[in-house]
Amino acid sequence: MKKLATLFQDSYGELKKVGTITTMAMFGAISILLGSLTVQIGDFIKIGFSSIANQFVYYLFGPAVGCFYGGALDILKYIIKPTGAFFPGWTLGAMAAGVIYGCFFYKKKITIVRVLAAELTVSVVCNMFLGTLWLDMMYGKGFFALLPMRVVKNLAMLPVNTFLFYTMTVAMEQTGIIRLIRRSA
């Protein structure tokens with residue numbers, strides 16, 4: 001428990017640096033750009049890759065920054081391109097995902113198993129459970145009626161998201177880009 005408290009404390013310290021804020025803004029802009037390439041499948045399923053840019057913020061700056069960044073970016077994305085009614089549950093889900101990814105990645109060596117575990121945890125907690133709950137609350141379609149298609153989508157995207165983030169992170173570490181970003185932040 002002490003390790004977790006230290007992790008959050010260190011991450012909160014990152015939030016006080018101007019370099020962290022500017023790096024978050026850069027990755028936020030990339031995330032918004034990638035979000036414009038999202039594919040909508042029916043009323044309740046979206047496939048996109050904007051979360052890859054977000055994961056770099058969680059990896060670099062941790063769970064406290066991830067919580068703030070996830071919530072702020074969710075609201076900003078809604079302001080820029082509203083899709084449906086605003087519902088604060090989605091913002092809470094984005095904040096929870098930031099905390100989970102931050103706890104898995106911050107100040108830890110990136111391995112394929114760590115990335116897979118983080119992706120699986122966020123998929124189950126935030127996407128399958130919370131996301132389906134928010135859709136049920138918003139549209140009254142029934143939690144268990146929506147759950148199967150959301151489980152299939154998240155299980156299909158799990159290896160894709162894991163592979164993309166892991167390979168991009170390893171490549172950016174090997175080329176020194178991560179070290180450069182950390183130094184400037």
Side-chain angles (χ1 to χ4, degrees), residues 7-8 10-40 44-108 110 115 118-135 137-138 150 153-154 157-158 160-162 164-166 168-169 172 177-178 181-182 184-185:
L7 192 70
F8 273 88
D10 291 350
S11 177
Y12 179 72
E14 298 274 5
L15 196 53
K16 297 177 182 180
K17 300 175 186 172
V18 174
T20 300
I21 304 299
T22 56
T23 304
M24 288 168 47
M26 177 190 69
F27 279 110
I30 293 168
S31 178
I32 290 169
L33 181 67
L34 288 173
S36 68
L37 305 174
T38 299
V39 177
Q40 182 83 26
F44 305 109
I45 301 287
K46 286 193 257 183
I47 296 178
F49 300 99
S50 65
S51 65
I52 300 295
N54 300 342
Q55 289 174 332
F56 282 106
V57 172
Y58 311 142
Y59 168 58
L60 291 167
F61 307 118
V65 172
C67 182
F68 173 77
Y69 173 83
L73 190 62
D74 181 73
I75 293 168
L76 184 61
K77 282 182 177 181
Y78 182 79
I79 290 168
I80 291 171
K81 185 181 176 191
T83 53
F86 178 78
F87 184 71
W90 296 111
T91 305
L92 291 174
M95 293 168 77
V99 169
I100 293 168
Y101 281 126
C103 288
F104 272 94
F105 297 154
Y106 186 55
K107 294 186 173 184
K108 296 183 174 90
I110 293 295
V115 175
E119 286 289 344
L120 183 61
T121 304
V122 169
S123 289
V124 170
V125 173
C126 299
N127 301 346
M128 292 182 210
F129 178 71
L130 290 177
T132 306
L133 179 64
W134 307 146
L135 288 171
M137 290 171 73
M138 288 175 72
R150 294 185 55 80
K153 179 255 183 181
N154 279 281
M157 292 302 294
L158 183 67
V160 174
N161 289 338
T162 300
L164 281 173
F165 181 70
Y166 176 74
M168 289 177 69
T169 305
M172 288 174 70
I177 294 171
I178 294 289
I181 293 170
R182 278 198 173 119
S184 66

Does [X] reach the main-chain N or O of [Y] with its side chain, forming a donor-acceptor pair under 3.5 Å?
{"X": "Ser31", "Y": "Phe27", "answer": "no"}
{"X": "Ser11", "Y": "Phe61", "answer": "yes"}
{"X": "Thr91", "Y": "Asp74", "answer": "no"}
{"X": "Tyr101", "Y": "Val57", "answer": "no"}
{"X": "Lys107", "Y": "Gly62", "answer": "no"}
{"X": "Arg150", "Y": "Asn127", "answer": "yes"}

So for atom [atom1], which belongs to [X], do other residues, nucleotides or ligands contribute more than 12 heavy atoms lying within a distance under 6.0 Å?
{"X": "Met172", "atom1": "CE", "answer": "yes"}
{"X": "Phe68", "atom1": "CZ", "answer": "no"}
{"X": "Lys108", "atom1": "NZ", "answer": "yes"}
{"X": "Tyr12", "atom1": "OH", "answer": "no"}

From [atom1] ([X]) to [atom2] ([Y]), nearest 0.5 Å:
{"X": "Phe129", "Y": "Asn154", "atom1": "CZ", "atom2": "CG", "value": "14.0 Å"}
{"X": "Met137", "Y": "Leu130", "atom1": "CE", "atom2": "CG", "value": "10.5 Å"}
{"X": "Ile181", "Y": "Thr20", "atom1": "CD1", "atom2": "OG1", "value": "12.0 Å"}

Taking only residues two or more places apart in sequence, or in another chain, which ones meet Ala96 in a side-chain contact (heavy atoms from CB on, under 4.5 Å)?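 Applying side-chain contact (heavy atoms from CB on, under 4.5 Å) to Ala96 gives Cys126.
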
Just checking Phe165 against Phe56, ring centres under 6.0 Å apart?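 Yes, the ring of Phe165 comes within the 6.0 Å limit of the ring of Phe56, centre to centre.
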
Report yes or no: is the cationic atom of Arg182 (NZ for Lys, CZ for Arg) closer than 6.0 Å to the six-membered ring centre of Tyr59, at no more than 45° off its axis?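 Verdict for Tyr59: a cation-pi partner in Arg182.
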
Determine whether Trp90 and Leu135 make a side-chain contact, defined as any pair of heavy atoms from C-beta on separated by less than 4.5 Å.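 A side-chain contact exists here, since the closest heavy-atom pair is under 4.5 Å.
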
